[in-house]
Participant: 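Okay, handing you the structure first.
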Number of protein chains: 2
Amino acid sequence: MKDIRVLLVDDHPVVRAGLRAMLGDFEGIAVAAEAADGGAALAELSRLHTLGEPVDVVLMDLQMGTGMDGVTATGRIKAGEAGQPAPPVLILTTYDTDADILAAVEAGASGYMLKDAPPEQIRQAVLAAAAGQTALAPEVAARLMGRIRNPEPVLSAREIQLLELLATGLGNRAIAKQLFISEATVKTHLVHIYGKLGVDNRTAAIAVASQRRIIRRF
Amino acid sequence: MKDIRVLLVDDHPVVRAGLRAMLGDFEGIAVAAEAADGGAALAELSRLHTLGEPVDVVLMDLQMGTGMDGVTATGRIKAGEAGQPAPPVLILTTYDTDADILAAVEAGASGYMLKDAPPEQIRQAVLAAAAGQTALAPEVAARLMGRIRNPEPVLSAREIQLLELLATGLGNRAIAKQLFISEATVKTHLVHIYGKLGVDNRTAAIAVASQRRIIRRF
DNA sequence: ACCCGGGTCAACCAAAAGGTTGATAATGCC
DNA sequence: GGCATTATCAACCTTTTGGTTGACCCGGGT
């Protein structure tokens with residue numbers, strides 16, 4: 001049986017070395033190439049494709065220090081930009097926030113693993129991905145289950161808009177002026193936001209909202 | 001010449017494998033042991049110390065998923081809890097915010113490197129640490145230089161500590177309890193912080209501080 | 001010895017934010 | 001037509017923050 005050919009995509013040389021060593025120790029898995037960001041990954045895939053040596057699985061980090069991020073790259077790979085058929089993309093990242101997971105799945109990822117997973121788990125995930133199956137880390141699966149059972153309150157567009165101004169440090173009066181509404185309305189919105197986020201002051205609201213990636217992060 | 005014996009401390013098996021492979025390729029450096037968190041690191045150091053095989057350098061991550069974090073572990077190593085003389089601790093982490101750097105240096109770290117550094121840079125840092133010198137990543141060094149040239153507002157360590165609690169959404173009373181100081185003192189610190197950052201409320205302070213990478217945010 | 005900056009605390013007042021109730025209006029859905 | 005949701009505003013009150021002044025202690029440097 002031929003080895004499963006893997007493309008590593010991660011901006012950290014240390015992590016790439018670790019995966020190379022780890023995967024190299026496994027039977028039936030070979031590291032075909034590496035890339036430091038999404039753009040390089042697309043280029044590598046194209047190159048290998050035209051060489052007639054397509055990769056079977058892409059192991060992709062989400063946050064790259066510089067260059068194209070993992071979600072974008074996944075989407076473009078799945079769109080066939082690096083040759084058809086597009087290989088399965090297995091996300092291997094550090095964080096497991098709802099927004100990250102959803103974005104990755106929407107982009108077409110066929111798995112989501114965490115970097116602190118034991119080697120055996122990563123091996124299983126690569127095999128599953130190569131076989132066309134999906135592979136979720138237990139932690140990730142558990143979180144999705146919890147979310148389905150108990151869906152978190154959804155903020156309205158207006159509330160998110162307010163939250164963004166809030167995060168810039170504006171006071172209620174300034175926010176009111178920005179949005180052409182009265183200060184009273186701002187306060188009403190804030191009360192609703194606090195309720196939905198489970199907090200009782202603006203700084204905590206910002207902390208929770210940015211942690212859940214409801215608003216942008218710096 | 002005897003090899004430099006290194007202890008790896010990182011909660012990610014992947015990263016440990018990467019460092020093991022990377023350092024193993026270098027002449028004069030050998031990985032003596034590994035640990036998945038600060039507690040395990042202390043235990044390993046003690047064990048090796050009593051065996052008469054002390055390590056020469058500790059390569060330590062800052063944020064461990066679970067267990068004792070890197071700053072705490074560094075402090076306790078430097079306090080001699082794992083045998084005297086305490087080995088130099090080289091921080092190898094992902095983020096380079098003022099808060100992280102200051103905490104590490106205060107705990108007694110003799111270097112601060114970033115995980116996306118090229119292998120050669122990491123090698124140099126390990127050699128420097130083993131020789132009793134300090135080793136800062138160029139990015140970190142540049143930031144410190146910029147701060148020296150610029151007499152811009154320099155926040156004290158205490159003020160940064162406050163800022164971090166602030167960003168979690170705590171009120172003044174809660175912050176006071178956390179730091180074992182009075183609410184009056186918290187307010188005094190806040191006024192100073194506002195002055196230095198050029199703002200007049202807590203949310204704006206958080207916005208500015210995270211934008212200037214004084215504190216870290218998700 | 002002296003001064004200075006950092007950290008600590010207190011008292012006071014003004015301003016802002018938080019919490020509650022209640023009301024109006026537009027929207028979309030069953 | 002009713003119903004729920006969202007957005008809007010007001011009045012009222014309590015709590016928290018912000019701003020100021022002044023004070024004490026400690027450690028480092030001139």
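Each chain gets a letter, A, B and so on, in the order its sequence line appears, and its residues count up from 1.
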Participant: Report yes if at least one side-chain N or O of A/His189 is closer than 4.0 Å to OP1 or OP2 of D/dT8; otherwise report no.
Facilitator: yes
Participant: Please state how far atom CD1 in B/Ile181 lies from atom C1' in C/dA10, giving the value in whole angstrom units.
Facilitator: 14 Å
Participant: Determine whether a donor-acceptor pair (N or O, by modelled atom type, separation under 3.5 Å) exists between the side chain of B/Arg5 and the backbone of B/Val57.
Facilitator: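 No: the side chain of B/Arg5 does not pair with the backbone of B/Val57.
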Participant: Verify whether one side chain among A/Thr185 and A/Thr188 offers a donor that lies under 3.5 Å from an acceptor in the other.
Facilitator: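 No, no side-chain donor-acceptor contact under 3.5 Å.
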Participant: Would you say B/Ser210's side chain and B/Ile206's backbone share a donor-acceptor pair under 3.5 angstrom?
Facilitator: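 Checking the backbone N and O of B/Ile206 against the side chain of B/Ser210, a donor-acceptor pair under 3.5 Å is found.
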Participant: At under 4.0 Å between heavy atoms, which parts of nucleotides 16-30 of chain C does protein reach? Answer with one letter per nucleotide, 5' to 3': B base, S sugar-phosphate only, - none.
Facilitator: SSBBB----------
Participant: With the side chain of A/Thr185 defined as its heavy atoms from C-beta on, choose the nearest nucleotide among C/dG7, D/dT8, D/dT6.
Facilitator: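 Closest of the options to the side chain of A/Thr185: D/dT8.
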Participant: Step by step, work out the salt bridge (Lys or Arg N to Asp or Glu O under 4.0 Å) result for B/Arg16 and A/Asp116.
Facilitator: CA-CA 10 Å; B/Arg16 288 203 304 275; A/Asp116 55 5; over 6 Å; no
Participant: Looking only at non-hydrogen atoms, find the nearest pair between A/Thr93 and A/Tyr112 and report the distance.
Facilitator: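 What the structure gives for the nearest pair is CG2-OH, 3.3 Å.
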Participant: Between C/dT8, D/dA10, D/dT8, spot the one nearest the side chain of B/Arg158, thanks.
Facilitator: C/dT8
Participant: Using whole Å, report how far NE2 of B/His192 lies from P of D/dG19.
Facilitator: 12 Å
Participant: Return each pair, listed once, that meets salt bridge (Lys or Arg N to Asp or Glu O under 4.0 Å) where at least one residue sits in residues 84-93 of chain B; pairs must be two or more places apart or across chains.
Facilitator: none
Participant: Could you tell me the separation between the CD1 atom of B/Ile160 and the C1' atom of C/dG6, rounded to a whole number of Å?
Facilitator: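 Nearest whole value for this atom pair: 14 Å.
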Participant: Please report the distance, rounded to the nearest Å, between CD1 in A/Ile193 and C1' in D/dT5.
Facilitator: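 To the nearest whole Å, that distance equals 16 Å.
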Participant: For C/dG5, take OP1 and OP2 only and decide whether either is under 4.0 Å from a side-chain N or O of B/Ser156.
Facilitator: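 Result: no.
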Participant: Over how many whole Å does the gap from B/Glu159 atom CD to C/dG6 atom C1' extend?
Facilitator: 8 Å
Participant: In whole angstrom, what separates A/Leu162's CG from D/dT6's P?
Facilitator: 15 Å
Participant: Kindly give the heavy-atom pair with the smallest separation between A/Ile193 and A/Glu159, and that separation in Å.
Facilitator: CD1-O, 3.5 Å
Participant: Atom CZ of B/Phe180 and atom P of C/dG7: how far apart are they, to the nearest Å?
Facilitator: 18 Å
